[in-house]
Amino acid sequence: MSVEVYYDDDADLGLIQAKKVAVIGYGSQGHAHALSLRDSGVDVVIGLPVGSKSRPKAEEQGLRVLTPAEAAAEADVIMILAPDTAQRSLYAEAIAPNLAPGKAVFFGHGFNIRYDLIKAPADVDVAMVAPKGPGHLVRRQYVDGKGVPCLVAVEQDATGTAFQLALSYAKGIGGTRAGAIKTTFKEETETDLFGEQAVLCGGAAALVQTGFEVLTEAGYAPEVAYFECLHELKLIVDLMYEGGIARMRYSVSDTAEYGDLSRGPRVVDARVKEEMRKILSEIQSGEFAREWVAEDEAGRPNFAKWRAEGAVHPIEETGQKLRNMMSWVDRPITETA
Ligand SMILES: NC(=O)C1=CN([C@@H]2O[C@H](COP(=O)(O)OP(=O)(O)OC[C@H]3O[C@@H](n4cnc5c(N)ncnc54)[C@H](OP(=O)(O)O)[C@@H]3O)[C@@H](O)[C@H]2O)C=CC1
Ligand SMILES: CC[C@](O)(C(C)=O)C(=O)O
Ligand SMILES: [Mg+2]
Ligand SMILES: [Mg+2]
């Protein structure tokens, strides 16, 4: 099955420049979309609740900030970049009452549409522009003249132009510099959740922490274990990013490559693969979504407990100390104006 990939020349920036865009939320993705759209010549307004701690940041960066309802009322395109768990009530209270035929509701991730938490009226466009990277890097890449690839999807095409408009939006945030892939809300949501749970965040964090624990519990210095299991991972992944696993294997020693080929499959073995399949089926069945929505409604007790446990894992203290010695590594996460 081949996918359709769109680049800058396939997208007409004029389509989004002709609209007023409300970006609702000014966090990781919100600030990146808003600032890059503005720099691409788009008329942007930010929607944030009164008292939101993001308000001063957006205002300092020269953006006009209204409440979500006011921003939605003014805009032709409403991009929802509040947390996934906040979107359902935000939509019901502030966005739905301010929709009109021909407007567009956009998402940066398909969670609320895929799991039927939001249902838009038939006369509006519903589309998605989902960058495949953290918001702060989406902005950094845009500023550096590069881009983070995006997934673009249309759930509802009331105007007949929803896809071209979404592609134009993707161009405005630098996505079509790297490539925008046409997909569906279902595919984006399920693969994004799987990727972050099994590989990118959950899998990688557990791999790093466990490797660090094995070395330090065996008596090796935490500093050596940190460099080995965390710091160097970025350098190894950089090679994979640039030229695939093959380039990484080309660059490491034969000894490392033999260890990789002979031991890697023992670490990520058939049991791990089976667990990954289970994780995927919980996503596909909606079990994960129900669990996460219930956890959020209960005040996030497990989330808070696990987050606190992670924050005091010994690798964090060791890392903090070592990163302080490498000024070029500890690059603060800033909202690049
Ligand atoms: N983080 C990422 O890089 C990626 C995120 N996404 C998707 O983008 C969306 C946004 O996620 P992310 O950027 O991580 O979110 P963040 O948690 O970083 O930021 C959320 C923003 O929304 C604001 N907010 C909170 N509640 C409301 C509300 N009820 N109404 C309006 N604004 C509100 C917050 O304000 P305050 O400061 O007051 O809390 C904050 O500005 C999600 O759908 C996510 O899945 C997709 C790809 C990557
Ligand atoms: C990998 C995590 C992510 O899906 C992302 C940055 O793409 C997210 O939801 O933040
Ligand atoms: Mg993602
Ligand atoms: Mg995600």
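Just so you know, ligand 1 is whichever comes first in the structure, and atom 1 is the first atom listed for that ligand.
Nearest to the Mg ion (ligand 4), among the N, O or S atoms that Asp192 has, is OD2. Glu196 has its closest N, O or S atom to the Mg ion (ligand 4) at the position named OE1.
Taking the six-membered ring for Trp, Phe194 and Phe288 have ring centres at least 6.0 Å apart.
A cation-pi arrangement is absent between Lys57 and Tyr26, since the terminal nitrogen or guanidinium carbon is not both under 6.0 Å from the aromatic centre and inside a 45° cone about the axis. Geometric assessment of Arg177 against the ring of Tyr142 yields a positive cation-pi assignment under the 6.0 Å and 45° thresholds.
When each atom of ligand 2 is checked for a heavy atom of Glu196 under 4.0 Å away, the hits are 1 (C), 2 (C), 3 (C), 4 (O), 8 (C), 9 (O). Ligand-side atoms of ligand 2 in range of Cys201: 1 (C), 2 (C), range being under 4.0 angstrom from any heavy atom.
Counting heavy atoms from C-beta outward, Tyr91 and Leu99 have side chains that approach closer than 4.5 Å.
Contacts of Ser28 with ligand 2, taken as heavy-atom pairs under 4.0 Å, are absent altogether.
The neighbour count for Asp9 CG, taken as heavy atoms of other residues, nucleotides or ligands under 6.0 Å away, does not exceed 12.
Remark: ligand 2 and Lys132 share no N or O pair separated by less than 3.5 Å (distance only, no angle test).
The presence of a protein heavy atom under 4.0 Å from atom 9 (O) of ligand 2 is confirmed.
Remark: the backbone N or O of Asn302 is paired with a side-chain donor or acceptor of Glu295 at under 3.5 angstrom.
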